[in-house]
**Student:** 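This is the structure, below, for whatever I ask next.
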Amino acid sequence: MSRVVSFEGLWCVFEHRSGQLVNALHDVNFEVQPGEFVCVVGRSGHGKTTLLRVLAGLQPPTAGQIRLGEEVVEGPGADRAMVFQQDTVFPWLHVRDNVEFGLRALKVDDEERKSTTAHWLDAVGLTDFADSWPRELSGGMRKRVALAAAMAVGSDVILMDEPFGSLDYFTRRNLHDVLLDLWEETQKTIFFVTHDIEEALILADRVILLAEGKLVDDIPVDLPRPRDEDVRASAGAVDITKTILAHLGITEEEATQV
Amino acid sequence: MTSTDVLDVRAKAQRDKRRRRIASIVYIAIGITLFFVAWVLLSLEASPWHYDIPPPFGAVGPFQDILQGVWGLFREEGAIAHFWSNLGTSQDMRIKFVHACPDLHPANVNNPFRQVASSLMGWKYTSDTAALTGGPLPVPIGQLPDYCYGYGIHLVVTIIRILLGAAFGTIAGLAIGLSSLVFPKVAQVFTPIASFFGTAPIFIAAPFFVIWFGVEVPIMTTIGLVTFYTTLLMYFFSRRAAENIPVGIVESALTLGGTPRSIFRWVYLPGTVPEIAGGFRIALAGAWGLGVLVEVLGIQVGGGHLIDIWRFLIGQLQAPSALVALITFYGVLAVVVDALLLVIIRYLTRWSEAGRRLGL
């Protein structure tokens, strides 16, 4: 059952070692409809990951709240599975057991657990590696294991914190396709944190722009799918890119140098 | 790359694996050979330790009869021959140990299993109980069975005590260490205690155990001390192992619906195995020394006590052979047990690259 995700007056304040208070999130308010693919974009240290961690229930907000439908988020749960930037696949479990982990925790019966696991392993193309150890897989394959595990628990909302940041360009592009296929199949709500504007243009329905913890813009991405090179070079895509760069305080020249 | 090349790569990997296994066996053989070469050199007439260290083997027999010559290595008066000939029963020990082990066999003289069990419980306890309850009186020394005078029974008793102590300590240390992850109060109580005792070198604590619990109740001395020492080590190792599990992995488990119980079962338990196994190897290596030390300090049965007796009889003809043989026995035993542990650890940690490399 998909639900609306509402961010209501969200503040998250950290105390720096020097005693100075840092606003990681500054009165963030927005709403995400079920099945939307939202990319959260911003510079490093501007609150993207904090926003996702608060939504995951791993970090309590200083003020405000997040609601899933009518339910207020108060801690982590399988309805908001998260794929992390770092490698979080359990190295001591076979690929199959990794995907089964959440289902075991949720006490899903054996038969359903096995069929669900087989389905998601097939969906991410890892059926032949079900009995492998994670150390025997490439970085991209391990990300696919994490994605399958997150999908398998039946979350309404999937949270992804720069999941493909450490991968090479070709693997990343391949995983974008895998992720979009899964999203189209399941229509889950996806929050995807990235600092890569091109990645956001390929994936998102909507871009939430954060700067110094504040929501500075909420940009709809009305580009046709699939978003190949031509679509990403279209006037609409260029306009979105310019808007994002302007908000981030980066000129086009600087962007091309980067 | 063609499919033939792939097959070549696989065959090469198999060859390398086989070569590594053979190399490790060769290294062990070289190590053992070097050990005995050093021993032989130290026992030569030219060596300053000639009178202290007996040769490991007897003299090699006549060259023309190789088989007889090789057999001579094990039947002449070398340390290994001495150990072997005294393993089951020994007339020499019957004469020399008559004052050393008066409590060796109290009431249950005819049942070796009960004897081992009661040795774990403490001889004094069984003797006293028998006297108080009007049960069978201790058997006179002259009627003790032959095996009471062999090295074997003493060594078996020591091995059982040390392994039992290490097992109890490991269970206790892991139970406290891992439960402290789920219940922080346990950590608040145990960490200061473990830190306090952990800073005192355990070999200094050993005599106090002997004084506190006496020499006649081995379960409180040898087993007690080894348990205490292993508990401390395993507590620290299990805590450290759990702390070294990346936070991201635990958080990922939480967002996948993990409960404290499922995270303990599927994350902490398997994830801490490599460090805990490494800690257990260290604990067991220390436990051998500690267990024997306590017996040298005054337990009435056990390999350490044999060492103490032979040390007392050092001026006598066989004493150096006996001492060297016993010490070598414990050394070899510790190495063999460690090798077995490595095989088990390699299996348990086969998921990690480091665990794979731990193997022989």
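Letters go in sequence order (proteins before strands), and every chain restarts at 1.
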**Student:** Name the member of A149(A), P91(A), A150(A) that forms the most heavy-atom pairs with chain B at distances under 4.5 Å.
**Tutor:**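 Most pairs with chain B among the choices: P91(A).
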**Student:** Looking only at heavy atoms, what is the nearest atom pair of R350(B) and R135(A), with distance?
**Tutor:**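 Heavy atoms of R350(B) and R135(A) come nearest at O-NH2, 2.6 Å.
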**Student:** Within a radius of less than 6.0 Å around NE2 of H195(A), do more than 12 heavy atoms belonging to other residues, nucleotides or ligands occur?
**Tutor:**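 It does not: H195(A) NE2 has 12 such atoms or fewer within range.
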**Student:** Any non-hydrogen side-chain atom of T255(B) less than 4.5 Å from a side-chain atom of L58(A)?
**Tutor:**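 Contact flag for T255(B)/L58(A) side chains = yes.
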**Student:** Got a second to check how far T349(B)'s OG1 is from W92(A)'s CH2, nearest 0.5 Å?
**Tutor:**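 The distance works out to 13.0 Å.
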**Student:** State whether the number of non-hydrogen atoms from other residues, nucleotides or ligands found under 6.0 Å of E111(A) atom CD is greater than 12.
**Tutor:**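 Not buried by this count: 12 neighbours or fewer within 6.0 Å.
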**Student:** For F14(A), does the CZ atom sit with more than 12 other heavy atoms under 6.0 Å from it, leaving out its own atoms?
**Tutor:**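 Check passes, neighbour count above 12.
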**Student:** Which one of P134(A), S155(A), G102(A), G75(A) has the most heavy-atom pairs closer than 4.5 Å to chain B?
**Tutor:**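 Of the options given, most contacts go to G102(A).
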**Student:** Taking side chain as everything from C-beta outward and backbone as N, CA, C, O, which of these in V83(A) sits under 4.5 Å from a heavy atom of chain B? Side chain, backbone, both or neither.
**Tutor:**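 Neither part.
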**Student:** Grab the two heavy atoms, one from A81(A) and one from L256(B), that are nearest each other, plus how far apart they are.
**Tutor:**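 Nearest heavy atoms, A81(A) then L256(B): CB-CD2, 4.1 Å.
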**Student:** Heavy-atom count around F129(A) CZ within 6.0 Å, excluding the residue itself: above 12?
**Tutor:**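 Counting neighbours around CZ of F129(A), 12 or fewer heavy atoms of other residues, nucleotides or ligands fall under 6.0 Å, so no.
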**Student:** If you count heavy atoms of other groups shown closer than 6.0 angstrom to CZ of F30(A), is the number above 12?
**Tutor:**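 Yes - once you tally the heavy atoms of other residues, nucleotides and ligands closer than 6.0 Å, there are more than 12.
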**Student:** Look up atom CD1 in I249(B) and atom CG in D87(A), then write down how far apart they are to the nearest 0.5 Å.
**Tutor:**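 Between I249(B) CD1 and D87(A) CG, I get 7.5 Å after rounding to 0.5 Å.
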**Student:** If I compare all heavy atoms of W266(B) with all of F101(A), which pair ends up nearest, and what's the gap?
**Tutor:**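 Scanning both residues completely, I find the closest heavy atoms to be CB-CE1, 3.5 Å.
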**Student:** V250(B) versus chain A, heavy atoms under 4.5 Å apart: side chain, backbone, both or neither?
**Tutor:**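 Neither part.
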**Student:** Taking all atoms of both residues into account, what is the closest heavy-atom pair of G257(B) and A78(A), and its distance?
**Tutor:**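 Closest approach of G257(B) to A78(A): CA-CB, 3.7 Å.
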**Student:** Relative to chain B, which segment of R104(A) carries a heavy atom at a distance below 4.5 Å: side chain, backbone, both, or neither?
**Tutor:**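 For R104(A), side-chain heavy atoms alone lie under 4.5 Å from chain B.
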**Student:** Just verifying a value: how many Å separate S262(B) OG and L103(A) CG, rounded to the nearest 0.5 Å?
**Tutor:**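 Going from OG on S262(B) over to CG on L103(A), the span is 11.5 Å.
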**Student:** Could you tell me if the side chain of E251(B) sits less than 4.5 Å from the side chain of R53(A), heavy atoms only?
**Tutor:**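 Heavy-atom side-chain distance check passes, below 4.5 Å.
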